[in-house]
K.L.:
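The structure under discussion is supplied below as structure tokens; questions concerning it will follow.
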Protein chains: 2
Amino acid sequence: MTDPGRMPKWHEPKGDGPQLMLWNTLTRTKDVFKPMNGNLIKWYSCGPTVYDKSHMGHARTYISFDIMRRVLEQYFNYNVEYVMNITDIDDKIILKARREYLFKEFSTSPPDAGKVEAMIQAGIASHQQMITDAEEEAKKDIYRKAIAAAEGAIATLKSGDVPKAIQQAKDVLLIELDAKRDPERTFSNDVFAETSRHFEKLFFDDMEALGVGMPHVLTRVSEYVPEIEAYIQKIIENGYAYESNGSVYFDTVAFNNAENHIYGKIVPEAIGDLKSLAEGEGELSKSTRADAQGNIVSEKKSANDFVLWKASKPGEPVWQSRWGSGRPGWHIECSAMATDILGTLDIHTGGVDLKFPHHENEMAQSEAYLDNKQWVNYFLHSGHLEISGRKMSKSLKNFITIQEALETYTARQIRFVFLLHGWNATLDYSNDTMTQALTYERTFNEFFLSVKAVIREHSATLGAKVNPAAKELLSEFVSLREKVHEAMCNSMDTPTVMGLLRDMVNAANKHMKASGIPHSGVLRTVAVYITRMFRIFGAIQGDDNVIGFTSAEGAGANAEDIAMPYLEALAQFRDRVRAMVREGAGAKDLLQLCDELRDDVLPELGVRLEDRDDGKATVKLASREDLLREKEQKAALKEEQDRKKAEAKARAAEQARKKLEKGKVPPSELFKSETDKYSEFDERGVPTKDTAGEPLSKSALKKLEKAYTQQEKLHKDYLAAQSS
Amino acid sequence: MTDPGRMPKWHEPKGDGPQLMLWNTLTRTKDVFKPMNGNLIKWYSCGPTVYDKSHMGHARTYISFDIMRRVLEQYFNYNVEYVMNITDIDDKIILKARREYLFKEFSTSPPDAGKVEAMIQAGIASHQQMITDAEEEAKKDIYRKAIAAAEGAIATLKSGDVPKAIQQAKDVLLIELDAKRDPERTFSNDVFAETSRHFEKLFFDDMEALGVGMPHVLTRVSEYVPEIEAYIQKIIENGYAYESNGSVYFDTVAFNNAENHIYGKIVPEAIGDLKSLAEGEGELSKSTRADAQGNIVSEKKSANDFVLWKASKPGEPVWQSRWGSGRPGWHIECSAMATDILGTLDIHTGGVDLKFPHHENEMAQSEAYLDNKQWVNYFLHSGHLEISGRKMSKSLKNFITIQEALETYTARQIRFVFLLHGWNATLDYSNDTMTQALTYERTFNEFFLSVKAVIREHSATLGAKVNPAAKELLSEFVSLREKVHEAMCNSMDTPTVMGLLRDMVNAANKHMKASGIPHSGVLRTVAVYITRMFRIFGAIQGDDNVIGFTSAEGAGANAEDIAMPYLEALAQFRDRVRAMVREGAGAKDLLQLCDELRDDVLPELGVRLEDRDDGKATVKLASREDLLREKEQKAALKEEQDRKKAEAKARAAEQARKKLEKGKVPPSELFKSETDKYSEFDERGVPTKDTAGEPLSKSALKKLEKAYTQQEKLHKDYLAAQSS
């Protein structure tokens, strides 16, 4: 080979294609995306607090991140490690669970009607006070409705139907029973866990219905309490947190004064927003205590400090810690869990509402724990969701759960709306935007159907010469496809991508409508590309979670064709069991039938049944050919073993026969014929003298005696065999 | 919003992950791959010359490029425009088509036996000369065999079977008939097109069977003759070609002397290899002419010059051109077609055998046409194929067609061998390498089956906390996955990738075999990733060509998802049968189990089993809801029947009780108390006279006697019930 260095000059291409940029909350600009470690993206996403049904606000967040994740994994081909948490310890969950628990207790064994009425009346009074205290008119409305229902319940009580009255007054009772509960009463942690488990399941059911993929790793606060305690302790040791009255607080001043740290990287202008901070701490949290003089003083050193560990009061779930019994604060959960699985992060995502105080404080905590200068490189926040131009809220009567939305629109239609809005823009969920999404869907669907019809009709043009008309379409497509790539690189600008895909469809439709035979090959290229983009976006659910070599034969078959052979096998097996049982078959025959199912029937259907020691067989689908080969090999092996066994048996029989043959001669005759060796024998026939008449030596006699004794035994065996 | 410029300092990540490098024939090193235009790859691949069945050499080339194309499209996410040609004008095709045509003509209406024999004898004589002329022993062998068959044909002729004799002597006749044809005879271009179309179809059938994707654009020389003529004309105009005796030649000297051009960029050391050059020109080409003095002189200015346009002789297909009737040379086809569709190229691929003269000359032609300095940026050549360590050839009896290979191995197994060899390394197709491929396939398949079984059995651990064992597996996986990416970037080093995927399997198998419940979530991540890699490699055929919104509702449901619930039901039923039989259960219990399968288990799965009198149950698939409704209705009916039965039973019991109650009184006491009616009784206690002292009438006595007898019976029953 020639020395490569002496090859003619090669002109290196420039290669100045676009790079992926992401809108980064940390810089409020689009930054070129660079992962820390090769092709790996370490991504933590804030999951839901599970205390109620999921609504369209959740859809906004998790569909957006699902699209972004699919694009990073399947379009930009990063190796994504996507971790999400479930917040299953939280003041909202505590209130919800305890109130429901107390209400259930009250309604299951209610006191007498008088006491029920007194409780409802007290609830009405409290609600009247709540109306006075509430700032928002919408909230006042909710309380007014609760009072009206409770007043109806009082009327019901008069008619004597106590259970009905309790249900009618549920809204006021939920709050009143909790307020009037024995303040020292404790509840098992299970009371709260049951509620969070229930709503976690509903959340994942909704996500599945929306086509949102599962995270690679799911973390739950309730499973992470010891790690969280250790995490907090390290922050204390690093000098950025302090214990106060059984709670632990983050020291924002100490942190911000440290050389390498800044408090307020995400929303610097929000620092000092004590209302948001307090909301972040939770409804049940107080950060005050009585001092030695009985004055109420703050537990915090600074108003901006926030809680890491909350001392629990009776009626709240508790975990033991070095600071007494309590529970983790909200912000610390994410820091501890994200750091445990991923360390520092390439990407952190969450809804825009979480920017402050949650993400601000998470960032500070993690940098305090790691004592590094940047825990997250790209902080991405999904935009707001509005319903017909207004904030979604129960009081505005425009609150929509995911299940309600799915009653009206398909998961694909909902996803189309998301694709038609930037992930970090405000998304308006309204009739207009849904109509737009449905129009897009119809346009694409019509296009797909038309192309498939052209391919069926003009399959000969799949590989035909690309004539000028086809060339024009191809060139238009190639150019639009490059623009799609530019839009994808531009912080995943899916609205622009959707428009470009529609432009492709328009160009293809023009080609199909023009005179002349359409070029089905180029049309297929366009349609396959758009299909692939929709698959990447999750608008066409694909084989994201399919494992293994799927049997090619089964492709395209319908459910019935696939299921029937197995069901026939099941029915026939059952038929045989019944018939055999009725004929009085024994255990051995029935077990034999079970073996035949495993060894003969199912392998023919490509099914391997593996019996286990615990009596539960494992089912595996494999190729029929492989299983039949396995079976053949097993049979060949058995045949070989049988052959060897038979040979060994034959050898043993031959030896036994020879032995018997040898025993035919009575011991008295054994030496008689050996007159060439001996001349005299005793009465038993054992030689005594050799041919020379000399007495035999002692050793010779001993040998002869031994042979005689052996023959005595052999002869005895022979006689026994003869008589049997 | 705050001025983004006033945000706290953001630390930009380094982002020094690996870049894709490709082994480039033009530099004989690995170069960083940079496309010219954004994300687009303009790729031209040399297609087959279609004159025979495709063999494993074709598989070597096209499977390799298919893997590389899938990787560039689906792994590195480039927008690939993949153009391939079909060489359907070529000396090999001309010879094949004309010979077959003449043989068919001869065998369809043969002359008399004497003339047939003369032709065969002449063929034998020619072949004897060919043996003498041949250099390779292997070729001599082929000719010897043809002679032996022809001699057999002579014998057949004696027996009078002319058609059979012609078929027997086919090998010598094919050549002899062509040699002896009327030298002025012409043939329609269709004669040649029919042959090329036939073998083109076989080629694509083979490609489909191997899972090799169709190019986006397919070009055929026969459809490109006018463009090729114009292309040659431009090269002449640019000063790098000349017409000579009706043919056109490339002027290598003029080209190499031009400032911007170099002849010999690919294999500089091959320049002057006139034998290879002549083979490239084709068997039917001559580049000599008789000069005015009748001397044979070369048509070329330099021995290194090569043909662009060949003047056709009679018996060859012809197209009219400004230089007279003729046909394109081999090398010019690719230059003209590739430039027409793509212009300059990012990637040009072809088998290693095409380096010189084909690619060398293509490169020169295209740079001469475009007058640019580099037509192709990355020239990639697939490696050699050997059969058990030797060159594949018909004479070595190791020639394997693709169809033959597919009779022994599946397309996936063949592809595994390719993945286990570098695309530019020599691939040895042998029992050993196939065994290795089969072992890999089995290892992966067992792994997939095991993971699926774990997921079914431990679905609860899909979202469970990642415990230390699972964390170890996850971290091993993440690290191996980065190594996979490095190997992919390293000129698509698939053998290394396959080894790393196997390492992942080993780590996962270790996790599954260890004590403790395996983490099905992490295992699924590993298995889904490996499956995706195999889908990218084309080892699992996916939805590459699927168009449109496949039925959303059924989405994701593959054969396995459909079959598994039924198979689980079968396995569990069998488990129960075995357990019950072993516990010594009776017939009644086993039949009860069979009923439960029909009534409880299968309806839940949407299956109705209908037992028939002949003992064979009918299987019907229905909606689960309907079946459950049916079951409920049946249960309600049974409840109603049971209720009625119970009522009837209660009634009967009440009657019996009353009857017994009535029997308490002994018959002798029955009338005694009725002193208001009777005044005298006989010894049994039956009245004889009324209160008036009158004897009772006969009919009255009869009634009393009857009542007495009844009571006698009732009392007896009463006494019996009492004593029992």
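Note that the structure is a prediction, hence the values are computed from the model and not measured.
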K.L.:
Taking every heavy-atom pair that is under 4.5 Å apart, which of A:Glu482, A:Glu568, A:Glu223, A:His485 has the most such pairs with chain B?
P.N.:
A:Glu482
K.L.:
If I measure from the heavy atoms of chain B, does A:Val478 come under 4.5 Å with its side chain, its backbone, both, or neither?
P.N.:
side chain
K.L.:
Pick from B:Glu486, B:Gln572, B:Arg598: which one has the most heavy-atom pairs with chain A under 4.5 Å?
P.N.:
B:Arg598
K.L.:
Specify the closest pair of heavy atoms between B:Ser450 and A:Lys620, including all atoms of both residues, with the distance to one decimal.
P.N.:
OG-NZ, 3.8 Å
K.L.:
Taking the side chain as C-beta and beyond, is there a heavy-atom pair between A:His216 and B:Leu474 under 4.5 Å?
P.N.:
no
K.L.:
Side chain, backbone, both or neither: which part of A:Ala470 has a non-hydrogen atom closer than 4.5 Å to chain B?
P.N.:
neither
K.L.:
What part of B:Met564 gets within 4.5 angstrom of chain A, counting heavy atoms only: side chain, backbone, both, or neither?
P.N.:
side chain
K.L.:
With a 4.5 Å cut-off on side-chain heavy atoms, are A:Lys465 and B:Tyr224 touching?
P.N.:
yes
K.L.:
Tell me, for B:Thr219 versus chain A, whether the close heavy atoms (under 4.5 Å) come from the side chain, the backbone, both or neither.
P.N.:
neither
K.L.:
Provide the closest heavy-atom pair for A:Lys34 versus B:Pro13 in the form atom of the first, atom of the second, distance.
P.N.:
CD-O, 3.3 Å
K.L.:
Please state whether the side chain, the backbone, both or neither of B:Leu449 comes within less than 4.5 Å of a heavy atom of chain A.
P.N.:
both
K.L.:
Can you tell me which portion of B:His11 sits under 4.5 Å from chain A's heavy atoms? Options are side chain, backbone, both or neither.
P.N.:
both
K.L.:
Under 4.5 Å heavy-atom distance to chain A, tell me which part of B:Leu593 shows up: side chain, backbone, both or neither.
P.N.:
neither
K.L.:
Considering only heavy atoms, which portion of B:Lys14 lies under 4.5 Å from any heavy atom of chain A: side chain, backbone, both, or neither?
P.N.:
backbone
K.L.:
For residues B:Leu597 and A:Leu570, determine if any side-chain heavy atom of one lies less than 4.5 Å from a side-chain heavy atom of the other.
P.N.:
yes
K.L.:
What option among B:Val32, B:Asn77, B:Leu218, B:Val581 has the most heavy-atom pairs under 4.5 Å with chain A?
P.N.:
B:Asn77
K.L.:
Charged N to carboxylate O below 4.0 Å: is that the case for B:Glu73 and A:Arg532?
P.N.:
no
K.L.:
When heavy-atom pairs shorter than 4.5 Å are enumerated against chain A, which of B:Gly615, B:Pro565, B:Pro215, B:Ala453 gives the highest number?
P.N.:
B:Gly615
K.L.:
Does B:Asp31 reach the side chain of A:Glu12, with side-chain heavy atoms less than 4.5 Å apart?
P.N.:
no
K.L.:
Is B:Thr25 in contact with chain A via its backbone, its side chain, both, or neither, using a 4.5 Å heavy-atom distance?
P.N.:
backbone
K.L.:
Heavy-atom pairs under 4.5 Å with chain B: which of A:Met36, A:Met214, A:Lys9, A:Lys471 has the most?
P.N.:
A:Lys471
K.L.:
Between A:Arg574 and B:Ala617, what is the shortest heavy-atom contact and its length?
P.N.:
NH1-CB, 3.9 Å
K.L.:
What heavy-atom pair brings A:Asp611 and B:Arg578 nearest, and what distance separates the two atoms?
P.N.:
OD1-NH1, 3.1 Å
K.L.:
Checking B:Ala585 against chain A: side chain, backbone, both or neither under 4.5 Å from a heavy atom?
P.N.:
neither
K.L.:
In terms of heavy-atom pairs under 4.5 Å with chain A, which of B:Asn445, B:Val466, B:Val484, B:Leu609 leads?
P.N.:
B:Asn445
K.L.:
Please state whether the side chain, the backbone, both or neither of A:Glu441 comes within less than 4.5 Å of a heavy atom of chain B.
P.N.:
both
K.L.:
B:Pro8 and A:Gly264: which non-hydrogen atoms are nearest, and at how many Å?
P.N.:
CG-O, 3.7 Å
K.L.:
Using side-chain hydrogen bond (donor to acceptor under 3.5 Å, both in side chains) as the criterion, list what pairs up with B:Asp346, not counting sequence neighbours.
P.N.:
none
K.L.:
Determine the option with the most heavy-atom pairs under 4.5 angstrom with chain B, choosing from A:Asp340, A:Val267, A:Asp16.
P.N.:
A:Asp340
K.L.:
Quick one, B:Arg582 and A:Leu591 - any side-chain contact, counting heavy atoms below 4.5 Å?
P.N.:
yes
K.L.:
Can you say whether B:Arg535 sits under 4.5 Å from chain A via the side chain, the backbone, both, or neither, judging by heavy atoms?
P.N.:
side chain
K.L.:
Between B:Met7 and A:Thr27, is there a side-chain heavy-atom distance shorter than 4.5 Å?
P.N.:
no
K.L.:
With a 4.5 Å cut-off on heavy-atom pairs, point out which of A:Arg524, A:Lys616, A:Lys373, A:Lys452 contacts chain B the most.
P.N.:
A:Lys373
K.L.:
Top residue by heavy-atom pair count (under 4.5 Å) with chain A, among B:Met580, B:Arg576, B:Gln74, B:Arg456?
P.N.:
B:Arg456
K.L.:
Under 3.5 Å, is there a donor-acceptor pair between the side chain of B:Arg220 and the main chain of A:Gly463?
P.N.:
yes
K.L.:
Side chain, backbone, both or neither: which part of B:Ile262 has a non-hydrogen atom closer than 4.5 Å to chain A?
P.N.:
side chain
K.L.:
Select one option (side chain, backbone, both, neither) describing which atoms of A:Phe33 are under 4.5 Å from chain B's heavy atoms.
P.N.:
neither
K.L.:
Against chain A, label B:Lys588 side chain, backbone, both or neither, depending on which of its atoms sit under 4.5 Å from a heavy atom there.
P.N.:
neither
K.L.:
Is B:Ile86 in contact with chain A via its backbone, its side chain, both, or neither, using a 4.5 Å heavy-atom distance?
P.N.:
neither
K.L.:
Which region of B:Val522, side chain (C-beta onward) or backbone (N, CA, C, O), has a non-hydrogen atom less than 4.5 Å from a non-hydrogen atom of chain A, or is it both or neither?
P.N.:
neither
K.L.:
Restricting to non-hydrogen atoms, name the atom on A:Tyr75 and the atom on B:Asn39 that form the minimum distance, rounded to 0.1 Å.
P.N.:
OH-ND2, 4.4 Å
K.L.:
Among A:Leu567, A:Thr525, A:Leu26, A:Leu462, which residue forms the greatest number of heavy-atom pairs with chain B at distances under 4.5 Å?
P.N.:
A:Leu567
K.L.:
Hey, are the side chains of B:Arg481 and A:Leu40 touching, using non-hydrogen atoms and a 4.5 Å cut-off?
P.N.:
yes
K.L.:
I'd like to know which of A:Asn24, A:Asn377, A:Val217, A:Val607 tops the heavy-atom pair count under 4.5 Å against chain B.
P.N.:
A:Asn377
K.L.:
Please classify the contact of B:Glu457 with chain A as side chain, backbone, both or neither, using a heavy-atom distance under 4.5 Å.
P.N.:
side chain
